[in-house]
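First the structure, in the form of structure tokens, and then the observations on it.
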Amino acid sequence: MAAKLVLEPIRMHGFNGGVWKLVDKTRKVDLPMRDGFSIEAVGRALAGTGTVTSVEVVERFTGCVNEVARLAVRFSDSTCAGLMIGKLATGTGLAAGRRERAFFERVAPAWDSGAPALLGACELGTTDDVAPRLLLVTEDLGAIGYRVRGTAVSPAELAGAIDALASLYARFWDAVPVEYLDGDFDAESVTRCARAWPPELAVRHGGAARAAAAEFLAGEGVACSPNERALLEDILTAWPGQRAARVAAGRALTLIHADFHFLGNVLFRDHDPRPRIIDWSELKPGLGPHDVAYCLTPIATDDRPARDRALLRRYWDGLRAHGVDDYPWELCRWDHQFSLITNLLQALFQASLMWFRHGVAMIEAHDCRTVLTVPPPRGS
């Protein structure tokens with residue numbers, strides 16, 4: 001029987017943030033594991049930069065799928081490279097880490113993405129005794145003044161984010177790199193329903209959403225009202241067919257971030273509305289307005305439909321300014337409404353009643369039920 005290795009925390013102390021061990025659940029034997037942010041690991045990731053002599057974990061970030069920390073790195077010539085961000089992907093988070101590495105190495109060089117620079121990467125622990133781990137080391141945007149705005153994002157920053165989406169997604173409009181056309185590249189992701197290619201995934205992801213809905217309604221979703229349950233059933237029934245109809249021609253698709261939100265992944269610097277964007281592990285072929293819909297959902301306003309339509313129009317105008325001239329406004333609006341429905345399905349995979357109800361509110365505010373029966377306008 002193959003060994004089943006899992007990470008468990010032993011203790012927490014000082015700036016190093018803790019010590020971990022690998023526990024072999026099959027043989028009941030504890031295997032020591034060196035910290036993923038050790039001098040050896042960071043040195044391997046930064047190979048070619050210089051000999052790493054010290055690594056201090058200045059801060060560890062919570063609420064992440066993988067272990068993320070701010071690192072202070074020093075080299076043998078006594079120079080300090082300053083602060084960096086280390087992301088250690090293990091276990092179920094390893095696939096996401098590999099997707100993000102693929103973005104940095106294959107996509108970012110051809111795309112003015114606004115992403116932090118990748119300083120180095122290496123895969124560790126691929127022996128029988130140690131589970132595989134992937135370490136990514138990137139530029140620390142916080143060290144140069146970028147911060148998460150959360151729901152306090154300003155109108156100017158909202159506009160800057162929308163402009164960034166238009167310029168980024170025009171770059172891969174109907175030209176998605178071949179490696180991202182693999183239907184299994186992010187098959188288990190909570191954002192899987194945002195994936196718009198290949199077409200046959202509509203049925204598979206629709207089935208996964210229905211299974212997640214059953215678990216959701218038996219758990220947190222037990223508090224859902226009859227109207228909420230009826231809406232969910234209508235969506236689960238119609239979504240796969242409408243998604244398949246939308247992408248059948250394979251046109252008006254691009255690479256989307258798929259987790260583009262101001263609560264952690266979109267950062268700004270004071271007096272600069274242009275964002276920097278982190279966490280590219282969910283990148284996939286999709287409908288461009290998906291990210292517009294997703295990022296605006298938690299940002300309250302007195303007149304949401306008018307605000308959101310104005311920013312969607314700004315996005316569409318931005319695409320046209322960057323040379324996308326075969327994407328009708330009517331289709332852009334349909335894609336936005338359909339994306340709001342897809343966002344509701346994501347809440348099922350997250351088992352979140354709060355985000356489910358956010359999704360319902362957005363669907364009602366933008367009259368999205370129509371796209372469950374009305375085919376996408378011509379031009380798709």
Side-chain angles (χ1 to χ4, degrees), residues 59 61-64 68 70 85 112-116 138-170 190-191 194 255-283 286-319 321-322 332-333 335-337 339-340 342-344 346-347 350 352 354-363 365-366:
E59 180 182 5
F61 299 96
T62 60
C64 305
V68 183
R70 175 169 284 119
I85 297 296
D112 182 15
S113 62
T138 64
E139 172 189 16
D140 181 7
L141 296 177
I144 54 176
Y146 285 90
R147 299 288 183 269
V148 172
R149 294 290 193 248
T151 56
V153 61
S154 72
E157 290 167 340
L158 283 177
I162 297 304
D163 292 345
L165 288 176
S167 64
L168 300 183
Y169 298 162
V190 296
T191 68
L255 277 179
I256 63 171
H257 184 281
D259 197 20
F260 190 90
H261 63 81
F262 301 107
L263 305 182
N265 288 343
V266 184
L267 293 75
F268 294 92
R269 190 162 49 184
D270 289 348
H271 312 300
D272 186 354
R274 296 169 298 178
R276 299 290 297 274
I277 306 157
I278 64 172
D279 199 354
W280 292 88
S281 64
E282 299 301 309
L283 194 72
L287 309 182
H290 178 89
D291 286 328
V292 178
Y294 189 70
C295 74
L296 295 178
T297 293
I299 311 302
T301 181
D302 292 336
D303 189 352
R304 176 178 289 279
R307 192 276 309 273
D308 291 0
R309 279 195 300 270
L311 288 172
L312 181 65
R313 184 73 186 205
R314 185 183 184 103
Y315 169 79
W316 184 74
D317 286 339
L319 288 178
H322 288 282
C332 183
R333 290 186 62 188
D335 284 350
H336 178 254
Q337 291 175 303
S339 295
L340 287 169
T342 302
N343 286 340
L344 182 107
Q346 180 171 328
Q350 295 172 310
S352 172
M354 179 190 74
W355 288 114
F356 176 82
R357 286 184 163 157
H358 270 289
V360 170
M362 293 292 287
I363 287 169
H366 288 281

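Every value quoted in this text rests on a predicted model; they were computed, and no experiment measured them. Both backbone and side-chain heavy atoms feed into the values below; hydrogens, waters and symmetry mates do not.
- His322 and Ser167 get closest at one heavy-atom pair: NE2-CB, 3.4 Å.
- Ion pairing between Asp303 and Arg307 fails under the 4.0 Å rule for side-chain N and carboxylate O.
- Across all their heavy atoms, Gly160 and Pro275 have their closest contact at O-CD, 3.7 Å.
- Proximity of Asn265 to Phe260: side-chain heavy atoms (C-beta onward) are nowhere separated by under 4.5 Å.
- Between Pro298 and Thr151, the closest heavy-atom pair is O-CG2, 3.7 Å.
- Distance check, rounded to the nearest 0.5 Å: CG of Leu312 to SG of Cys332 gives 4.0 Å.
- With sequence neighbours excluded, the residues that form a side chain to side chain contact (heavy atoms under 4.5 Å, CB included) with Arg70 are Val58, Glu59, Phe61, Leu83, Ile85, Asp140.
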side-chain hydrogen bond (donor to acceptor under 3.5 Å, both in side chains) assessment of Glu282 paired with Thr191: CA-CA 7 Å; Glu282 299 301 309; Thr191 68; 2.7 Å; yes
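- Looking only at distances, no side-chain donor or acceptor of His257 sits under 3.5 Å from a matching main-chain atom of Ile277.
- Note: Ile299 CD1 to Ser154 OG = 10.5 Å, rounded to the nearest 0.5 Å.
- With rounding to the nearest 0.5 angstrom, the CD1 atom of Ile363 is 4.5 Å from the CG atom of Leu344.
- The structure places CG of Leu255 at 4.5 Å from CG of Leu283, a figure rounded to the nearest 0.5 Å.
- Relative to the ring axis of Tyr146, Arg276 places its NZ or CZ within 45° and under 6.0 Å from the centre.
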Verdict with reasoning, Arg147 to Phe268, per side chain to side chain contact (heavy atoms under 4.5 Å, CB included): CA-CA 5 Å; Arg147 299 288 183 269; Phe268 294 92; over 6 Å; no
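- Note that SG of Cys295 and CG of Asp259 are 11.5 Å apart. Values are rounded to the nearest 0.5 Å.
- With no hydrogens or angles considered, a side-chain donor-acceptor pair links Asp291 and Tyr169 at under 3.5 Å.
- Of all heavy-atom pairs spanning Ala293 and Ser339, the tightest one is CB-CB, 4.3 Å.
- Salt bridge Glu157/Arg269: absent, no basic N to carboxylate O contact under 4.0 Å.
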Candidate pair Leu263 and Val148, rule side chain to side chain contact (heavy atoms under 4.5 Å, CB included), full reasoning: CA-CA 7 Å; Leu263 305 182; Val148 172; 5.7 Å; no
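- His358 is linked by a ring-ring contact (aromatic ring centres under 6.0 Å, His included) to Trp355, counting only residues two or more places apart in sequence or in another chain.
- Within a 6.0 Å sphere centred on CZ of Arg274, other residues, nucleotides and ligands contribute 12 heavy atoms or fewer.
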CA sep, side-chain torsions, deciding dist, call: His261, Val266, side chain to side chain contact (heavy atoms under 4.5 Å, CB included): CA-CA 6 Å; His261 63 81; Val266 184; 5.8 Å; no
Verdict with supporting geometry, Met362 and His366, side chain to side chain contact (heavy atoms under 4.5 Å, CB included): CA-CA 6 Å; Met362 293 292 287; His366 288 281; 4.2 Å; yes
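- In this structure, Tyr294 and Ala258 approach most closely via the heavy-atom pair CE2-O, 4.4 Å.
- Between Asp308 and Val292, every side-chain heavy-atom pair lies at or beyond the 4.5 Å cut-off.
- At a threshold of 4.5 Å between non-hydrogen side-chain atoms, the residues Glu139 and Ile144 count as touching.
- Note that CG of Leu168 is 12.5 Å distant from CD1 of Ile256, once rounded to the nearest 0.5 Å.
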